[in-house]
Amino acid sequence: MSDTMEGKVVLVTGASSGIGQATALALSKAGARVAVGARRADRLKSLAQDAPGEILALELDVTDRQSVNDAVAATVERFGALDVLVNNAGVMLSGQILGADTTEWTRMVETNLLGSMYAVHAALPHLLRHKGAVVQISSTSGRTASAASAVYAATKFGITAFSEALRQEVTAQGVRVIVVEPGFVATELTTHITDPAIQAMAKSMAESMRTLQPQDIAEAVLYALAQPEHVAVNEILIRPTDQTR
Ligand code: NDP
């Protein structure tokens, strides 16, 4: 894997922790020049210090279309191109529909769904120029919805719909669309859940199994990106072996 991404320019959203951070590091180790975006800029600075290759740290809020446009423009200005967008930024504010705080719904839709759409919109002209790729970090919740995950699942189902339409629009022009659907990964994701009962459920679920690690997802992303140009790995479903549902 050491130089499979040599010379490629990648933008990873949500790279300040978890899957995004691990993916940015793995891509850097594989030779890519990586722009990393998130709201917590301090975390991005330490990522830049740990990475072996060139890193551009960008303060980015994907819910703000201008911020997304600026991040793509800054990446192209610094590295002269954009080959791969890893659309990873996301929040999971699980809870029942009845009595929900709907501002949490707005945040999930604006971050997970609209934010990733803005990023594709801004990056696509560059990806078309370089026959690049879009990696969409979806979820098993993008395949199967369950109680207390209605809105989160709706955002991830939305990503699947958007990605398939995108694929049909750009695949003949050489742009590959890769949807990654992880099961339970040990990250900060569940710590933002505000309902204490759901938060406790997520914790006990994590303790009941050998969860995936962020690096496991990073390896899957690298695998898909390392394929020859005529091979499009369009979907990767990756669960912990111990996860039954
Ligand atoms: P983390 O909470 O560790 O990472 C989420 C990342 O998204 C952070 O870097 C955060 O950065 C960023 N983010 C959140 N809101 C915004 C925003 N408005 N603008 C820019 N960046 C933002 O969780 P994960 O690594 O687990 O999550 C990454 C992706 O993986 C998400 O899309 C999630 O849905 C998906 N996923 C995770 C699974 C899991 O079990 N962990 C399973 C399936 C999918 P900051 O706060 O600094 O802005």
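Atoms within a ligand are numbered from 1 in the order they appear, just like the ligands themselves.
For V62, a nitrogen or oxygen atom sits less than 3.5 Å from a nitrogen or oxygen atom of ligand 1, counting backbone and side chain alike. On a distance-only criterion, G14 and ligand 1 share at least one N/O pair closer than 3.5 Å. By the 3.5 Å distance cut-off applied to N or O atoms, R40 is counted among the residues near ligand 1. Not one N or O of A38 is nearer than 3.5 Å to an N or O of ligand 1, by distance alone. Looking at ligand 1, you won't find any N or O of T140 less than 3.5 Å from one of its N or O atoms. Between S139 and ligand 1, a contact under 3.5 Å exists for no N or O pair.
Against a heavy-atom cut-off of under 4.0 Å, E188 is close to the following atoms of ligand 1: 2 (O), 3 (O). Heavy-atom contacts of S138 reach the following atoms of ligand 1: 35 (C), 36 (N), 43 (C), 44 (C) (cutoff under 4.0 Å). For ligand 1, the atoms closer than 4.0 angstrom to any heavy atom of I19 are 25 (O), 26 (O), 30 (O), 37 (C). Residue L60 has at least one heavy-atom neighbour below 4.0 Å for each of these atoms of ligand 1: 19 (N), 20 (C). Close approach to T111 involves these atoms of ligand 1, each under 4.0 Å from a residue heavy atom: 15 (N), 16 (C). Within ligand 1, the atoms closer than 4.0 Å to a non-hydrogen atom of F184 are 40 (O), numbered from 1 in the order shown.
Applying side-chain hydrogen bond (donor to acceptor under 3.5 Å, both in side chains) to N112 and the options T155, N87, T63 leaves one that passes, T155.
At least one heavy atom of G183 sits less than 4.0 Å from an atom of ligand 1. Taking a 4.0 Å cut-off on heavy atoms, E110 fails to register as neighbouring ligand 1.
Taking 4.0 Å as the cut-off between side-chain N and carboxylate O, E229 and R176 do not count as a salt-bridged pair.
Counting only distance, with no hydrogens or angles, the side chain of T23 and the backbone of I19 share a donor-acceptor pair below 3.5 Å.
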Could you walk me through whether V10 and R33 pass the side chain to side chain contact (heavy atoms under 4.5 Å, CB included) check?
-> CA-CA 6 Å; V10 185; R33 291 170 291 166; over 6 Å; no
